Every structure is written in structure tokens, then in C-alpha cells.
Amino acid sequence: MAAEWGYSPTNGPDVWARLFPQAGGARQSPVDICTSIASSDSNLEMKKLTFAYESQSDLRILNTGHGWKVEAPQSGSRLEGGPLGEDIYQLEQFHCHWGETSAEGSEHTVDGRAYAGELHLVHWNTTKYQSFAEAAQHPDGLAVLGVFFDVGNESNDEIEKIVSTLSEIKFKGQFTDIPDVIDPTTFLPSGLGYWTYLGSLTTPPCNECVIWIVYKEPITVTEEQVTYH
Ligand SMILES: NS(=O)(=O)N=C1NCCCN1
Ligand SMILES: [Zn+2]
């Protein structure tokens, strides 16, 4: 039977390396971002991080058993500049991590503080590699934009388009189509300052193939939007 990884003491991050060797590697994610030791890099300011996405409708959303994932391969999308050198990265999918309560849920933490949730926009290097699967085998294969969720009184309209479909996919493996048009640009905060580091997938197989770009400014969602069960 395929190994069922999870977050319990018997199948969680502390034991993932037994079945997924890369989980024991030297550049594992997530990390706690210590703002006092994070250094600014003038090169990154010179090569501005830029992104371009298409709006798409009828995107498929899947219950992964650990959250929701929207499959959004966009050949017309481009993420480039900043820490990505001369390579162009293309959007493949986006998904969300959240917790039992809004006091926790993000994967990355900032000076030990967790946010209510964290959205990941996953891209792959189309300059060097021929497929997402191939890119995930290389240290510069993927680029993931991380956006923290803060809980407030304002509902996020774009996130609502997604979470409003979750009642149709209550169980692992179920999927449905999102009828609304989704523009990934709207998930990004207005302030575009970010932290970046070389890391890994945060879930098995934990490949050390990700250039992480974690936005400093969270976006606001409601409690209901981020504590869905
Ligand atoms: N949370 S994460 O690092 O994005 N993990 C991923 N695992 C499978 C492929 C896409 N991303
Ligand atoms: Zn993720």
C-alpha cells in the first residue's frame, strides 16, 4: 500500500524521511523566517520580480486530503526576475494550507509567528525543463509564491470563488470545476516585498527543488474562508 503521510506523530514530518529520503535533506521547507538575520540583496532590486497571469474559468479543484488544490497550468503565464535569474517559470497549480484554528495554519512562520493560512502558487522552470515532473527533480526547477492569510472582517472575493465549491468536494480525491473566472494576480498582496530562499516542497516527497518567494504582506480573509473543514 502506498505510504500515507500525514501530520500525526506516526506519519508526520518527524518521520517522513523514513519513506521520503529527501525529507532529511539540508534545504528543507518550511522554515521560520527570522527577520533580524534576513539580508537585503541589491541584485534582487535590480532584477524586479515580475508576473503575468491569464484569467481562467472552469478550473478543476481537488480535495487532496490535506487541503484543496486548483490545477491551473497556464502556458501564457510568466514569473521571472528577482531570484529567478534569466529563467521563466510557468504557473502549474495553486493550493492552500490552513489549520484547525485561525491561530495557526501557515507553513512558514515569521519570527516564530504562524499565520492563519498560506496560499502557494506553484510554478516550474520552462526555460530549462520540458515538464513539471522533470523540473521537480532539479534545484532550480520550481518557484513557489507564498502568500500569508490574516483573518479579518473582510471576505476575499477571489478566495470565496474557491471555498464556495468546497461543499462539493468533502472527501479526499473528489474534484469539481470552479465556474467563476479566476485571476491569480488578485491573490497577491498590494505590497510586493518578499523574502526568498532555496528550499523544498513542504510535503512529501519533499524534493529540494524550490526557489521560495514568500510575500511579507498578508492578504485578509474571513475566519470562515480559512477554517473550512
Ligand atoms: N507545499 S508545496 O511546497 O508547494 N508542495 C508541493 N508538493 C507537490 C507539488 C507542488 N507543491
Ligand atoms: Zn504548499
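Both counts, for ligands and for their atoms, begin at 1 and track the order of listing. These figures come from a predicted structure and were not determined experimentally.
Inspection of the Ser200 and Gln22 side chains reveals no N or O donor paired with an N or O acceptor under 3.5 Å. Between the side chains of His123 and Glu92, no donor-acceptor pair of N or O atoms lies under 3.5 Å. With no hydrogens or angles considered, no side-chain donor-acceptor pair links Thr109 and Tyr115 at under 3.5 Å. Side-chain contact check for Gln90 and Gln74: no donor-acceptor pair (N or O, by modelled atom type) lies under 3.5 Å.
Applying side chain to side chain contact (heavy atoms under 4.5 Å, CB included) to Lys69 and the options Arg60, Gln93, His120 leaves one that passes, Gln93.
No cation-pi contact links Arg18 to Phe20, judged by a cut-off of 6.0 Å to the six-membered ring centre and 45° from its axis.
Taking every heavy atom of His120 and a limit of under 4.0 angstrom, the matching atoms of ligand 1 come to 1 (N), 4 (O). Those atoms of ligand 1 that come under 4.0 Å of a heavy atom in His97, given as number and element, are 1 (N).
Here the heavy atom of the protein found nearest to atom 1 (N) of ligand 1 is Thr202 OG1, 2.7 Å. What sits closest to atom 6 (C) of ligand 1 on the protein, heavy atoms only, is Leu201 CD2, 3.6 Å.
Ligand 1 lies within reach of Thr203, whose nearest heavy atom is under 4.0 Å from it. By the 4.0 Å heavy-atom criterion, Trp212 is counted among the residues contacting ligand 1. Proximity of Gln93 to ligand 1 is established by a heavy-atom distance of less than 4.0 Å.
Formation of a donor-acceptor pair under 3.5 Å by the His95 side chain with backbone atoms of Trp68 is not found in this model.
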Subject >> Trace of the salt bridge (Lys or Arg N to Asp or Glu O under 4.0 Å) decision for Glu104 with Arg113 >> reply: CA-CA 9 Å; Glu104 58 180 356; Arg113 181 216 165 167; over 6 Å; no
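By the 30° and 60° cut-offs, the orientation of the rings of Trp5 relative to Tyr7 is perpendicular. Ring planes of Tyr194 and Tyr215: perpendicular class, angle over 60° (limits at 30 and 60°).
Residue contacts with ligand 1 for His95 involve side-chain atoms from C-beta outward but no N, CA, C or O (heavy atoms, distance under 4.0 Å).
Shown here are the protein N/O/S atoms lying under 2.8 Å from the Zn ion (ligand 2), water excluded: His95 NE2, His97 NE2, His120 ND1.
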